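Each remark here refers to the structure printed beneath this line.
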Protein chains: 2
Amino acid sequence: MRDVAAAAGVSVSTVANVLNNPGVVAVATRERVEAAMNRVGFVRSAAARQLRGLPSRLVGSITLDQGNPFYAELNRGIEDHLDEAGCMLLACSTDQRADRELRALQLLEEHSPRGVIITPTGANGQRLAAVSARGTPVVLLDARQDGADLCAAAVDHVLGGRLAGDHLLALGHRRVAFLTAGDDIAPVRERRAGLAAALEGAGAGPPVEVRAVEAGFSGGTDAAVSKLLAWAPSAVVCVNDIAALAVIRAVQARGLRVPGDLSVVGYDDLPFAAHVRPALTTVARPIRALGRVAAELLLAEGGGGHRHREAMFAPRLVVRATTAPIG
Amino acid sequence: MRDVAAAAGVSVSTVANVLNNPGVVAVATRERVEAAMNRVGFVRSAAARQLRGLPSRLVGSITLDQGNPFYAELNRGIEDHLDEAGCMLLACSTDQRADRELRALQLLEEHSPRGVIITPTGANGQRLAAVSARGTPVVLLDARQDGADLCAAAVDHVLGGRLAGDHLLALGHRRVAFLTAGDDIAPVRERRAGLAAALEGAGAGPPVEVRAVEAGFSGGTDAAVSKLLAWAPSAVVCVNDIAALAVIRAVQARGLRVPGDLSVVGYDDLPFAAHVRPALTTVARPIRALGRVAAELLLAEGGGGHRHREAMFAPRLVVRATTAPIG
DNA sequence: GTGAAAGCGCTAACAA
DNA sequence: TTGTTAGCGCTTTCAC
């Protein structure tokens with residue numbers, strides 16, 4: 001900036017005015033300064049502005065895995081809204097490990113971000129509250145504010161589980177399994193609870209729970225499917241579409257048919273769900289909108305007189321071709 | 001930091017030593033300082049360190065769309081490697097628009113990142129060279145260094161196109177279409193060139209090109225498929241797996257069978273490709289490895305005496321069930 | 001309409 | 001082993 005000032009034959013504060021207060025500087029001067037900026041290749045230093053206490057343009061995003069299509073889409077939604085405010089996403093993955101989450105939080109804080117949007121593992125609630133108390137807006141994503149008083153953009157997963165359960169009940173299913181992924185995070189517990197409530201409310205037995213070791217497209221699923229089939233359910237609700245697809249494949253590999261021999265319900269309605277054959281019946285949630293709203297809540301928290309809010313989204317059942325009447 | 005110093009009854013430079021030079025400070029003092037840091041809730045200011053000229057821990061990633069599973073996986077690979085160096089990803093999407101790319105570059109530069117990894121639209125080559133010249137390492141991802149002298153982690157897309165072409169030729173196909181997505185970026189041009197080379201080398205006609213307006217899972221595909229079928233090819237090579245899936249669906253909706261009536265080849269081998277039915281024949285590239293290597297090149301460029309390098313990955317044909325002999 | 005100067009939190013060179 | 005100090009690039013207040 002000094003260089004620009006020198007090149008334009010003015011003082012640094014005039015350059016500053018051109019930048020922050022263009023109206024106050026004479027047109028001729030301004031043009032001279034702007035020309036100088038181009039000549040010198042001037043780039044403002046965000047570090048220096050931050051040091052002066054100006055609001056940062058960085059927003060942290062901590063998800064379980066930014067490589068997962070679901071979280072990728074979420075980040076995209078966040079980015080879309082942030083873009084309008086000139087902010088950028090600092091994206092980290094935790095792989096659902098509390099230590100990685102803590103580290104990410106630490107590194108993020110050092111950059112004094114405008115705020116942090118997080119899909120929490122659930123293990124660092126206190127730390128999150130501390131970050132928030134220190135003045136960095138924290139928005140919970142896909143999680144309720146349990147205890148801590150924070151903003152949240154959440155999905156009613158109890159309803160999601162119930163939707164899946166009601167759908168299967170209506171088709172005559174009574175033996176229903178729930179396939180989870182070795183995790184015990186709140187959104188998964190809630191889905192299971194909703195499913196159980198639906199089944200038990202109708203006098204059916206509770207869902208049996210089957211754990212796949214890995215949540216991914218491959219690995220761990222095959223053993224889980226053996227366990228699953230040993231219980232001989234007529235339907236299975238999966239923790240997400242990826243798991244559902246893996247289950248379908250494993251079931252088909254055993255010579256069984258979906259939905260003829262086993263109905264399968266996914267969760268998320270990822271873009272591929274509609275294009276798979278048989279097309280996946282699944283519980284949809286507005287992923288990108290979730291991200292956008294989280295970003296909105298984050299930016300709104302900057303304003304004074306703030307009260308933490310929770311934006312709750314209702315999931316929606318999308319019936320396609322992997323569920324069928326029993327018999 | 002002053003607060004910590006006061007709380008521990010030492011000077012700021014002692015606190016600094018505890019942070020940067022722990023060996024040189026007396027154990028008792030160090031423990032006192034560390035206790036004070038916890039008490040005060042001390043968080044280092046990255047802004048201040050940067051202002052002092054220390055290397056930044058931020059790495060920019062500019063992709064076409066971080067919500068796209070391919071780029072999401074790429075970012076994850078980058079993150080994996082960066083993590084070991086304590087760096088974080090500043091992720092932006094351009095939607096393949098030159099103006100958005102320019103803006104992202106601008107915003108990134110203001111944060112003086114340790115480097116930038118970019119899937120270029122191709123329109124801002126000069127600007128990239130300028131950024132690099134100014135001292136910020138730039139690594140091209142999924143692109144060759146055309147003209148500009150930059151590091152690159154690329155895939156041999158000409159080979160990729162050729163692999164698809166050779167496979168189809170071996171199955172007896174002679175009328176082959178190439179379905180692109182309304183874009184004209186280098187990786188796509190190269191695939192088409194490789195495909196054309198294979199076909200023409202074997203005396204078959206050149207591939208006809210069909211443009212889908214949108215690259216997404218939905219939208220634009222249906223009209224493109226009509227155009228495609230009007231030409232009555234026996235096989236189609238798609239610009240990526242997502243497009244391939246959309247094509248398969250649209251073709252099936254018209255009562256035709258894949259691969260019976262039309263063979264389809266995808267590109268990328270995204271995780272779902274193996275789980276779709278019929279399972280997708282596709283050209284695979286090591287996505288996460290690409291990201292990791294890009295990150296490696298980036299960090300290596302920090303070291304002195306640097307010569308720009310190009311890491312080239314060979315794609316691999318994965319034959320599944322969407323291609324069949326003609327007849 | 002423009003300039004001078006202080007200070008944000010930190011590091012590194014030097015002094016004690 | 002610990003303390004003092006200058007200065008990184010910017011914004012902002014105040015004086016001209």
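Chain letters run A, B, ... following the sequence lines, proteins first and then strands; every chain starts at 1. Because the structure is predicted, anything quoted here is derived from the model rather than measured.
No side-chain heavy atom of A:Pro137 sits under 4.5 Å from any side-chain heavy atom of A:Arg114. Two residues are said to be in side-chain contact when any heavy atoms from C-beta on lie closer than 4.5 Å; A:Ser61 and A:Asn75 meet this criterion. Between A:Glu101 and A:Arg127, every side-chain heavy-atom pair lies at or beyond the 4.5 Å cut-off. Counting only heavy atoms from C-beta outward, the side chains of B:Glu79 and A:Cys92 approach each other to under 4.5 Å.
Ion pairing between B:Arg134 and B:Glu109 holds under the 4.0 Å rule for side-chain N and carboxylate O. Under 4.0 Å is where a charged nitrogen must lie from a carboxylate oxygen, and between B:Arg97 and B:Asp95 no such pair does.
Between A:Leu19 atom CG and C:dT2 atom C1' the separation is 16 Å, expressed in whole Å. Atom CD of A:Glu110 and atom C1' of C:dC10 are 12 Å apart (whole Å). Separating the CG atom of B:Leu51 from the P atom of D:dT11 is a distance of 12 Å, rounded to the nearest angstrom. A straight line from CG of A:Asp3 to C1' of D:dC10 spans 14 Å, rounded to a whole angstrom. Here the C1' atom of nucleotide D:dG7 and the CZ atom of A:Arg2 are 10 Å apart, to the nearest Å.
Counting heavy-atom neighbours within 6.0 Å of A:Arg189 CZ, excluding the residue itself, gives a total above 12. In the displayed structure, B:Arg144 atom CZ is contacted under 6.0 Å by at most 12 heavy atoms of other residues, nucleotides or ligands.
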List the atom pairs, with distances to 0.1 Å, where a side-chain N or O of residues 286-295 of chain B and a protein N or O form a donor-acceptor pair under 3.5 Å, not counting sequence neighbours.
from     : atom 1 : to      : atom 2 : distance (Å)
B:Arg288 : NE     : B:Glu73 : OE2    : 2.9
B:Arg288 : NH1    : B:Asp80 : OD2    : 3.2
B:Arg288 : NH2    : B:Glu73 : OE2    : 3.4
B:Arg292 : NH2    : B:Glu84 : OE2    : 3.4

Listing, residues 38-49 of chain A side-chain donor-acceptor contacts under 3.5 Å, not counting sequence neighbours, or none:
from    : atom 1 : to      : atom 2 : distance (Å)
A:Arg44 : NH2    : A:Asn20 : OD1    : 2.6
A:Ser45 : OG     : A:Ala47 : N      : 3.4
A:Ser45 : OG     : A:Ala48 : N      : 3.0

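OP1 or OP2 of D:dC8 has not a single side-chain nitrogen or oxygen of B:Arg49 nearer than 4.0 Å. Close to D:dT11, at under 4.0 Å from its OP1 or OP2, lies a side-chain N or O of A:Arg44. In terms of phosphate contacts, A:Ser11 brings no side-chain nitrogen or oxygen within less than 4.0 Å of OP1 or OP2 of C:dA4.
For the ring-ring contact (aromatic ring centres under 6.0 Å, His included) test, residues two or more places apart in sequence or in another chain that qualify with A:His308 are A:His306.
At its two ends the helix from C:dG1-D:dC16 to C:dA16-D:dT1 runs along axes set 40° apart, each axis drawn from five pairs and the angle rounded to 10°.
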Might you list the N or O atoms of the protein lying below 3.5 Å from N or O atoms in nucleotides 12-16 of chain D, with each pair's distance?
from   : atom 1 : to      : atom 2 : distance (Å)
D:dT12 : O4'    : A:Arg52 : NH2    : 3.1

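Near-neighbour residues of DNA chain C inside residues 22-37 of chain A, defined by a heavy atom below 4.0 Å, number-ordered: A:Val24, A:Val25, A:Ala26, A:Thr29.
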